[in-house]
Amino acid sequence: MIAATILMQYERLRGVRSSGVLIIFWFLATLCAIVPFRSKVMSSLREGVSDRFRFTTFFIYFTLLVLELILSCFKEAPPFFSPIRSDCNPCPEAEAGFLSRLTFWWFTRLAILGYRRPLEDKDLWSLNEDDTSKEVVTKLIKEWEKEKNRIRTTQVPITKTQEIELNHVDEKLAESDVLIEDGKKVKEPSFLKVLLKTFGPFFLIGSVFKLFQDLLSFVNPQLLSILIDFIKNREAPAWWGFSIAALMFLSSVAQTLILHQHFQYCFVTGMRLRSAITGIIYRKVR
């Protein structure tokens, strides 16, 4: 709780309007508190309340957890130091909260508008700042210059020395230049390496989402095996079966959400790659 309080204050100072870390923390805390909540309710109905102080404080704690979870799902107002945006129709993704980004709820308004009538140019949002050609081309050119400078510094230069030899015509000393060239082939800067350095970290985030989705695909078969064992055991409590079914549902939902985040990162990476390469080509032929 102390760590959550410190993180909450830190993100507030940084202008974070919706924290995914805090939402996940409050969700897990509430989920873990449900089991003792049920146990205390069942024991109080059977035996009554023995320790009123602990019973009361736990229910206050559980109520506050649920309230924190509900409040963390809402996006806070923008801070006073937020920059003023000049776009007349900005993309809502940049201002969307954690749950809205996770479920792509920020896109719902445009989908409903397109269902009601054909979309026009004025209905489309402006690009996010990080997706504009101005940003992606600048980043790519900067990495390209770094790669060229790195090749220049690591490449063995051609040296030039001077030797004094005897001139046989007039028996005078004369200077002649001798070039000592390394036999190695001159190394060219790699454009593929530049692309990987520029857009690789962003694409790697999508790969991490895909890794988690692949790991979760092994969870449902294991839960199904546990559910079959539960059905065979007639003495198993009913709540155990409901818990397994709920876990299977949550696992499937988590797989869907994570997989679509992976697709989103892949599509955005492809769009940035195309914009950056097209922009560099236009600068070259200009």
For the pair Ser18 and Ile23, evaluate side chain to side chain contact (heavy atoms under 4.5 Å, CB included) and give the outcome as yes or no after the intermediate values. CA-CA 8 Å; Ser18 179; Ile23 290 177; 4.1 Å; yes

Out of curiosity, Asn89 CG to Asp121 CG, how far, rounded to the nearest 0.5 Å? 11.5 Å

Here the gap from Ser19 atom OG to Arg14 atom CZ, rounded to the nearest 0.5 Å, amounts to 12.0 Å

Please check if the number of heavy atoms outside Arg52 that lie under 6.0 Å from its CZ is greater than 12. no

CG/Leu257 to OG1/Thr103 distance, rounded to the nearest 0.5 angstrom? 7.5 Å

Is there side-chain contact between Trp125 and Pro92, with at least one heavy-atom pair below 4.5 Å? yes

Nearest heavy-atom approach of Phe58 to Ala33 is CZ-O, 3.8 Å

Are Phe107 and Ile112 joined in one hydrophobic group, where the rule is that I, L, V, M, F, W and Y side chains link up if heavy atoms are under 4.5 Å apart? no

Aromatic Phe55 / basic Lys40 pairing, under 6.0 angstrom, 45° off normal: no

What's the spacing between Asp214 CG and Ser207 OG if we round to 0.5 Å? 10.5 Å

Polar side-chain atom of Ser44 near backbone of Val41 as donor-acceptor pair, under 3.5 Å: yes

Could you tell me the separation between the OG atom of Ser100 and the NZ atom of Lys75, rounded to the nearest 0.5 Å? 7.5 Å

Distance-minimising heavy-atom pair for Ala236 and Phe230: CB-CD1, 3.5 Å

Mind running side chain to side chain contact (heavy atoms under 4.5 Å, CB included) on Lys146 and Lys197 for me, showing each step along the way? CA-CA 11 Å; Lys146 289 181 181 178; Lys197 288 182 179 180; over 6 Å; no

Could you please spell out the steps behind the salt bridge (Lys or Arg N to Asp or Glu O under 4.0 Å) verdict for Lys142 and Glu145? CA-CA 5 Å; Lys142 185 182 297 184; Glu145 294 297 330; over 6 Å; no

Mind checking whether Arg12 and Glu76 have side chains closer than 4.5 Å, heavy atoms only? yes

Student check: side-chain heavy atoms of Ser252 and Met248 closer than 4.5 Å: no

Single-linkage hydrophobic cluster Leu45~Ile34, side-chain heavy atoms < 4.5 angstrom: yes

Which pair of heavy atoms, one from Cys91 and one from Asn128, lies closest together, and at what distance? CB-OD1, 3.4 Å

Take Arg54 and Phe59, measure what side chain to side chain contact (heavy atoms under 4.5 Å, CB included) needs, and give me the verdict at the end. CA-CA 9 Å; Arg54 292 179 62 86; Phe59 271 85; over 6 Å; no

Any heavy-atom pair between the side chains of Gln255 and Asn220 that's under 4.5 Å? yes

Compare all side-chain heavy atoms of Phe249 with those of Ile244 and state whether any distance is below 4.5 angstrom. no

Using atom types as modelled and distance alone, determine if a side-chain donor or acceptor of Thr132 lies under 3.5 Å from a backbone N or O of Glu129. yes

Which pair of heavy atoms, one from Ile151 and one from Pro189, lies closest together, and at what distance? CG1-CA, 3.9 Å

Walk me through whether Val136 and Asp131 qualify under side chain to side chain contact (heavy atoms under 4.5 Å, CB included). CA-CA 7 Å; Val136 295; Asp131 298 333; 5.9 Å; no

Using a 4.5 Å cut-off on heavy atoms from C-beta on, say whether the side chain of Ile70 contacts that of Val66. yes

Heavy atoms from other residues, nucleotides or ligands near CZ of Phe191 exceed 12 (cutoff 6.0 Å): yes

Those residues that, when tested against Phe104, pass side-chain contact (heavy atoms from CB on, under 4.5 Å) (two or more places apart): Trp106, His260, Gln261, Gln264

Any side-chain heavy-atom pair from Gln213 and His262 closer than 4.5 angstrom? no

Less than 4.0 Å between a side-chain N and a carboxylate O, is that true for Glu11 and Arg17? no

I'd like to check Val268 versus Phe202 (side-chain heavy atoms, cut-off strictly below 4.5 Å). Are they in contact? yes

Which atom names give the shortest non-hydrogen contact between Ser251 and Leu216, and what distance separates them? OG-O, 3.8 Å

Mind checking the CG-CG spacing from Leu196 to Leu204? Nearest 0.5 Å is all I need. 11.0 Å

Distance-only donor-acceptor check, side chains Thr198 and Glu143, under 3.5 Å: no

Given Val21, Leu28, Leu22, the one that forms side-chain contact (heavy atoms from CB on, under 4.5 Å) with Ile24: Leu28

Same cluster or not: Leu69 versus Phe74, using hydrophobic residues (I, L, V, M, F, W, Y) connected whenever any side-chain heavy atoms lie under 4.5 Å apart? yes

Is there a donor-acceptor pair closer than 3.5 Å between any side-chain N or O of Asn233 and the backbone N or O of Glu235? yes

Under 4.0 Å between a Lys/Arg side-chain N and an Asp/Glu carboxylate O for Arg150 and Glu147? yes

Hphob cluster co-occupancy, Phe212 + Phe27, side-chain heavy atoms under 4.5 angstrom: no

Between Tyr265 and the options Phe199, Phe203, Phe209, the ring-ring contact (aromatic ring centres under 6.0 Å, His included) test singles out Phe209

Would a single hydrophobic cluster contain both Phe218 and Val253, if residues Ile, Leu, Val, Met, Phe, Trp and Tyr are joined by side-chain heavy-atom contacts under 4.5 Å? no

